[in-house]
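In what follows, a structure is listed as structure tokens, so that the remarks can point back to it.
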Amino acid sequence: MNRVLLFVPVIFFAILGFVFYTMMEHDPSELQSARLNQPFPAFQLTDLEKPELTRDQSALQGEPMLVNVWATWCPACRAEHAYLVHLAEQKNVAIIGLNYKDQRQAANEWLVKLGDPYRFSIFDQEGRLGLDLGVYGAPETYVVDADGIIRYRHVGVVNEKVWQEKLSPWFPAISGSGVPAS
Amino acid sequence: MILPEFGHFALILAFGLAILLAVVPLIGAWLGDRLWMQMARPFTGLMTLLILLSFITLTLAFLKDDFSVAYVAGHSNSLLPWYYKMSAVWGGHEGSLLLWALILAGWTFAVSRFSKALPEDMVARVLGILGIVNAGFLSFIIIKSSPFERILPNIPPDGADLNPLLQDFGLIVHPPLLYMGYVGFSVAFAFALAALLGGKLDAAWARWSRPWTTVAWAFLTLGIALGSWWAYYELGWGGWWFWDPVENASLMPWLAGTALMHSLAVTEKRGLFKSWTVLLAIFTFSLSLLGTFLVRSGILTSVHAFASDPDRGFYILALLAVTIGGSLLLYALRAPVVKSRIGFSERSRETFLLMNNIILVTATLTVLGGTLFPLFAEMAGKEVSVGAPYFDAMFSFLTPLLVAFLCVGIFSHWKDTRPGLLKRQIPVPLIAAIPFAFLIPMTQGDLAFMPVLGSFLAVWLLFATIRDISQKVSGRRSLWAGWMKTRRSYKGMVFGHLGLAVMIMGAALVSAYTIEKDVRMAPGDEATLGGLVYRFERLAHYEGPNFISDRAYFVVSSDSGRQIADLHAEKRRYVVSGSIMTEAGIQAGFFRDLYVSLGEPLPGQDAWAVRLHIKPFVRWLWLGALLMAIGGALAVADPRYRQKARAKAPASAGDAEAGNTAVSVQEGGQA
């Protein structure tokens, strides 16, 4: 055996360490969307449940809403799903689903099983809209205001705390907290 | 109260001692200075004591609801029952790291106590290396993750509550068991490095490492099984393994550790695979550290990841670079390259254990690759998620291979096996297993490839093991009498392998024959599943100490109306954090579990989306893990480890304390 071979593990580890080092800067929760305070990117995609319908960005106007990026392959989406259903049903928050890189049938079965908190879901199988939005991974949730402008981006699971602290201020009619004193 | 500051101070002192432990004995071993080497044991004892004090201090802060401590305020609440206040100590990043440090110190201390028979320089090197690891973790706690930081002067009136997912018995014991396993591999790691440093890579270091590795492995087995069991009953969708990055992080050291146990056997018995075994020992502990890094740096997204903090990530990465990089570099420079002159044939036990190692390491790298691939892909600007299909495919290929080599290799001998012997032994269990491969799945449902293969592998492994036992005890009157006479280490092996068989059987059957149904049910409704009638009896409101819950009562009965089970499933809302938790109603059985969980409330009088499951053989997964852990315990209890110790150090026989005297007498003689 050659001693040079014995260096293979340490070299392999050095490469791995380098990858970790560079990726650390990419911390997913630190990412700011380049799209912040910009209009929601234009798209034309089919509806998840009714494939014959086409949705575009004009559907994301008229009232503040959450756009929730989800997929059946994402365990964290499962974790937040019950809370989204709660938000939609108890607080009547408008939530639009962006079904991301998923299978249509599996996604529909999921909604039947776990409940459907979404007004409708956009079916983005190739992840093109996700790319335009700058989606890092699922789940992510965007706040889009009544004019269709992206106001906030949350990476990770939505729960009561996130809703109270980060998202609800954009929904003055629901939370009551943001209503001007006048 | 000044207690938290005391805990912090104790930790800083412990760090100082860890540094001393990392420096003094190693220099002593290098110079051959007895006195410096002997400092290792007192340093270890004092360091362990201080970390223990620090840990107790933090526990007291939790029990006394001292919300001026930020960590307590973030992870506890005055409404929490006392036992959850205790376990909340390791409910977050900082405290769990302190637990990690305490367990590491505990292992270090155990090594210092049970190493009387070892040469002084070996002990000094082993403890010195463990001192380096201790110092690394302690510095991380003190600098980046202190659990003792205060919120002053605005002390919160109450805490934010422990994550409800962690308010459960399974999660009280899961982290300590898991850490016992992870950290326990540090001992084999330290022995391997000490052998490299000392330049004595003989069979001795392998013999010393074996019991430690086996104990750590048994703990890790239990820890992983407990985590899987917890996910099954607590997450409410009936799964038992999700290939989540954090689960993978615990599976990798387990697979590598399993390989290590087997290759240590070869190195001890035959003096072969020396360099390989050393590398595996480094590799196994490195994977434990890597797991910690992945979970705590936030580099991968996962359901159970701790709050991510890039600063901490960089610190752990630096620790990793020093420990893993340093040890691999040492390995590259010092591992022996001399080709071993001891030969073995292609039918020898050595060859079969080598195959075992190749398969297990392949499995480890498969998991490593699948876990890290999304990271590499992201670096290349692509978004990729590697999920269960990839891992399932790889493991349904590797597991049969592993079992096949096991069932053949079990009959082999060291050095060489007569071809006639193998030809005689192999076919009987193999052929006997074939009918069972079809009969067992037929009791559950339609035949399919995976359950047939799984049953075949499990039964083949069972029969091969029994045949091996009967060969071994052929001179005895009965199989049982002979079995009782076998060595404990042999019994341990048998239990380990049977555990694998039981686990394969469980995995194959539960994956193929689970039946489930999602139905809308209101009190009074009935639903049938698998010939059983589930009746939703009533819905009750229930208030726990820190949650409110809707509790649904179900009665399951057979066709004939005989009542089989009472189940209650819950949907809890934890008041402080607002989290919603599902508690599944489960009737556990040896051959099948009945499982009910509540989905969402539906419009209508008390109507709920209800999920009903029948899960055959699911208990076998955890039973298998339990058998494996028992196997590990039996192997370590083998008298030969104690006999060796006695034979090597006659002066210390009987009384452990006498060992020290013996050494000092020797020393006095030299002086």
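Order of the sequence lines sets the chain letters (A, B, ...), proteins ahead of strands, with each chain counted from 1.
Contacts between Leu329(B) and chain A at a heavy-atom distance below 4.5 Å involve backbone atoms as well as side-chain atoms. For a residue to count as touching a neighbouring chain, one of its non-hydrogen atoms must lie under 4.5 Å from one of that chain's; by this rule Ala14(A) does not touch chain B. Contact of Leu290(B) with chain A is made through the side chain alone, with heavy-atom distances under 4.5 Å. Residue Arg520(B) does not touch chain A at all, counting heavy-atom pairs closer than 4.5 Å. For chain B, the nearby part of Leu16(A) is the side chain; its heavy atoms alone come within less than 4.5 Å.
Donor-acceptor pairing under 3.5 Å is lacking for the side chains of Trp70(A) and Asp102(A).
Options Ala609(B), Ala335(B), Pro389(B) differ in how many heavy-atom pairs under 4.5 Å they form with chain A, and the most are formed by Ala335(B). By number of non-hydrogen pairs under 4.5 angstrom with chain B, the leading residue of Gly115(A), Gly17(A), Ala82(A) is Ala82(A).
Scanning for salt bridge (Lys or Arg N to Asp or Glu O under 4.0 Å) contacts around Asp147(A) gives an empty result, with sequence neighbours left out. Lys91(A) pairs by the salt bridge (Lys or Arg N to Asp or Glu O under 4.0 Å) definition with nothing, not counting sequence neighbours.
Cation-pi geometry between Arg55(A) and Phe120(A) is met: under 6.0 angstrom from the ring centre, within 45 degrees of the axis. For the pair Arg573(B) and Phe547(B), the cation-pi test (distance below 6.0 Å, angle within 45°) is failed.
Relative ring orientation between Trp241(B) and Trp243(B) is described as perpendicular, the plane-to-plane angle rising above 60° on a 0-90° scale split at 30° and 60°.
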